[in-house]
There are 2 protein chains.
Amino acid sequence: MDMARAPTTFDSFNAVAEPCRRQVLGLLATGELPVNDLVNSLGWHQPQVSKHLRVLLQVGLVRVRRAGRQRLYSVNAAPLKPIHDWASTFEHLWQHQLDRVKQRAEAKAVLIQERDGVYRMGPVKK
Amino acid sequence: MDMARAPTTFDSFNAVAEPCRRQVLGLLATGELPVNDLVNSLGWHQPQVSKHLRVLLQVGLVRVRRAGRQRLYSVNAAPLKPIHDWASTFEHLWQHQLDRVKQRAEAKAVLIQERDGVYRMGPVKK
DNA sequence: ATATTATATACCCATAATGGAATATGTCAA
DNA sequence: TTGACATATTCCATTATGGGTATATAATAT
């Protein structure tokens with residue numbers, strides 16, 4: 001009665017959660033490639049590569065084209081946009097976070113400067 | 001000897017692959033909330049909410065603060081930036097894709113206009 | 001037709017995640 | 001201390017993953 005965990009083919013979020021699949025997409029980003037090229041570049045077993053490609057294909061992240069006995073895979077990035085858009089929703093939050101970190105660093109720098117007497121304008125009164 | 005699938009606590013990609021967890025983050029995006037508020041808003045069983053929060057906590061996507069007998073959770077968006085950045089890598093690809101779609105639509109529109117004789121400048125020669 | 005190359009599929013195993021229900025822990029109030 | 005409230009943890013059953021190995025399918029060459 002329960003779905004133990006959303007299948008990897010459920011959506012691009014799940015498909016891309018697997019680091020291996022991101023690697024594959026990374027290689028395909030430059031252009032279409034036959035399976036064997038991926039096998040060689042990645043150093044994995046061929047069935048493994050095919051299986052990852054299958055998942056990517058099912059969520060529409062790659063396309064295939066037959067060329068002789070090869071199959072040329074290429075990226076179809078569209079399904080990544082929802083991920084990007086979703087993450088963007090939180091962008092202002094991590095910006096603030098980084099700002100705070102920066103401010104704290106700057107505040108600390110000021111303290112250090114004061115301690116060391118750097119940038120002190122007038123004559124230091126004993 | 002194998003990891004059947006990367007644990008959900010392996011990284012933010014995996015933690016966020018679960019739609020429920022994205023919902024939780026969505027609610028927390030506006031500000032910190034006690035568990036019970038999440039339970040009420042989401043309509044899930046309390047343990048379920050706690051368990052999802054635990055995963056989010058382990059990958060650093062949320063922070064907790066004790067307040068009396070409540071625990072106030074808030075978003076820590078920093079771990080989402082890698083996801084956003086990774087997706088950005090492919091942005092130009094889906095842009096092109098969209099451009100092509102747009103161009104095709106425009107080309108089609110032109111054909112329709114020609115067929116219908118709309119926007120024709122001079123007198124139509126029989 | 002057969003051998004060879006390129007890729008996909010089937011099968012097995014260990015791992016683990018999810019929801020549900022029950023229960024434990026922690027904190028405050030009387 | 002006892003009770004009530006807020007949250008976390010444990011146990012269970014179901015499901016599906018990812019790697020490995022072996023095998024099936026498809027296309028080309030001889």
Side-chain angles (χ1 to χ4, degrees), chain A residues 1-25 27-28 32-74, chain B residues 1-25 27-28 32-74:
Chain A
M1 195 191 279
D2 23 35
M3 193 160 28
R5 189 173 176 182
T8 53
T9 53
F10 182 69
D11 58 20
S12 41
F13 280 92
N14 281 280
V16 154
E18 173 69 22
C20 300
R21 241 116 53 190
R22 293 201 296 278
Q23 270 190 268
V24 171
L25 287 178
L27 286 177
L28 293 178
E32 68 180 359
L33 287 176
V35 179
N36 244 339
D37 280 24
L38 292 171
V39 171
N40 292 328
S41 298
L42 296 164
W44 307 341
H45 292 267
Q46 175 266 314
Q48 223 52 33
V49 175
S50 283
K51 279 189 274 189
H52 282 302
L53 286 170
R54 181 131 182 63
V55 173
L56 292 173
L57 191 61
Q58 289 190 15
V59 296
L61 276 168
V62 297
R63 296 210 174 296
V64 219
R65 187 170 69 87
R66 307 177 93 115
R69 37 183 154 184
Q70 298 189 322
R71 301 215 183 171
L72 303 179
Y73 282 85
S74 55
Chain B
M1 195 192 277
D2 23 35
M3 196 161 23
R5 189 172 175 182
T8 53
T9 53
F10 181 68
D11 59 18
S12 41
F13 280 92
N14 280 280
V16 154
E18 174 70 22
C20 300
R21 242 119 50 194
R22 292 202 296 278
Q23 269 190 268
V24 171
L25 288 177
L27 287 177
L28 292 178
E32 69 180 359
L33 286 176
V35 179
N36 245 341
D37 281 24
L38 292 171
V39 170
N40 292 328
S41 297
L42 297 164
W44 307 341
H45 291 268
Q46 175 267 314
Q48 225 52 32
V49 175
S50 283
K51 279 188 274 189
H52 282 302
L53 286 171
R54 180 131 183 63
V55 173
L56 292 173
L57 191 60
Q58 288 190 16
V59 296
L61 275 167
V62 297
R63 297 210 174 296
V64 218
R65 188 170 69 87
R66 306 176 93 115
R69 36 184 154 182
Q70 299 189 321
R71 302 215 183 171
L72 302 179
Y73 283 85
S74 54

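So you know, we letter chains A, B, ... as the sequences are listed, proteins then strands, and number each from 1.
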Quiz prompt | Between CD on residue B:E18 and CG on residue A:N14, distance to nearest 0.5 Å | solution = 7.5 Å
Quiz prompt | Rounded distance in Å - NZ (B:K51) to C1' (D:dC11) | solution = 9 Å
Quiz item: What nucleotide, of D:dA8, D:dA6, D:dG19, holds the atom closest to the side chain of B:Y73?
Solution: D:dA8
Self-check item: Euclidean distance, atom CD of residue B:Q48 to atom P of C:dA17 [Å, nearest integer]
Solution: 13 Å
Quiz item: Please give, in whole Å, the distance from D:dC5 C1' to B:N36 CG?
Solution: 9 Å
Self-check item: Heavy-atom closest contact (B:V35 atom, B:Y73 atom, distance)
Solution: CG2-CE1, 3.6 Å
Quiz item: Can any side-chain N or O of B:R21 pair as donor or acceptor with the backbone N or O of B:A15 at less than 3.5 Å?
Solution: yes
Quiz item: Nearest-Å distance, CG (B:L33) to P (D:dA6)?
Solution: 15 Å
Quiz item: In whole Å, what is the span from the CZ atom of B:R65 to the P atom of D:dA6?
Solution: 17 Å
Self-check item: Pairwise 5' ranking along DNA chain C for B:H45 and B:R5, keeping only the more 5' one
Solution: B:R5
Practice problem: Identify the heavy atoms of B:S74 and B:E32 that sit nearest to each other, and give their distance. | Solution: CB-CB, 3.7 Å
Self-check item: Smallest separation among heavy atoms of A:T8 and A:V59, with atom names
Solution: O-CG1, 4.0 Å
Quiz item: Between the side chains of A:D37 and A:N40, does any donor sit under 3.5 Å from an acceptor?
Solution: no
Quiz item: Which value, rounded to the nearest 0.5 Å, describes the distance between B:L56 atom CG and B:R54 atom CZ?
Solution: 11.5 Å
Quiz item: Within this structure, what is the CG-to-P distance between A:L56 and C:dA8, rounded to whole angstrom?
Solution: 12 Å
Practice problem: Take the protein atom CZ of B:R54 and the nucleotide atom P of D:dT10, then report the distance between them rounded to whole Å. | Solution: 9 Å
Quiz prompt | Backbone N/O of B:A17 and side chain of B:R22: donor-acceptor pair under 3.5 Å | solution = yes
Self-check item: Nearest-nucleotide pick for B:Q70, side chain only, options being D:dA6, C:dT18, C:dA14
Solution: D:dA6
Exercise. Please name the pair of heavy atoms, one in B:W44 and one in B:V39, separated by the smallest distance, quoted to 0.1 Å.
Key: O-CG1, 3.4 Å
Practice problem: Rounding to 10 degrees, work out the angle separating the end axes of the helix from C:dA1-D:dT30 to C:dA30-D:dT1 (five pairs an end). | Solution: 10°
Self-check item: Close residues, residues 7-22 of chain A, relative to DNA chain C [heavy-atom separation under 4.0 Å]
Solution: none
Quiz prompt | Base-contact (B) and sugar-phosphate-only (S) positions in nucleotides 22-30 of chain C, heavy-atom cut-off under 4.0 Å, - elsewhere | solution = B---SBS--
Quiz item: What is the minimum heavy-atom distance between A:R5 and B:P7, and which atoms define it?
Solution: NH2-C, 4.3 Å
Quiz item: Starting at the 5' end of DNA chain C and moving along, which residue's nearest nucleotide shows up first, B:H52 or A:L53?
Solution: A:L53
Self-check item: Point-to-point distance, once rounded to the nearest 0.5 Å, from CG of A:L33 to CD of A:Q70
Solution: 10.0 Å
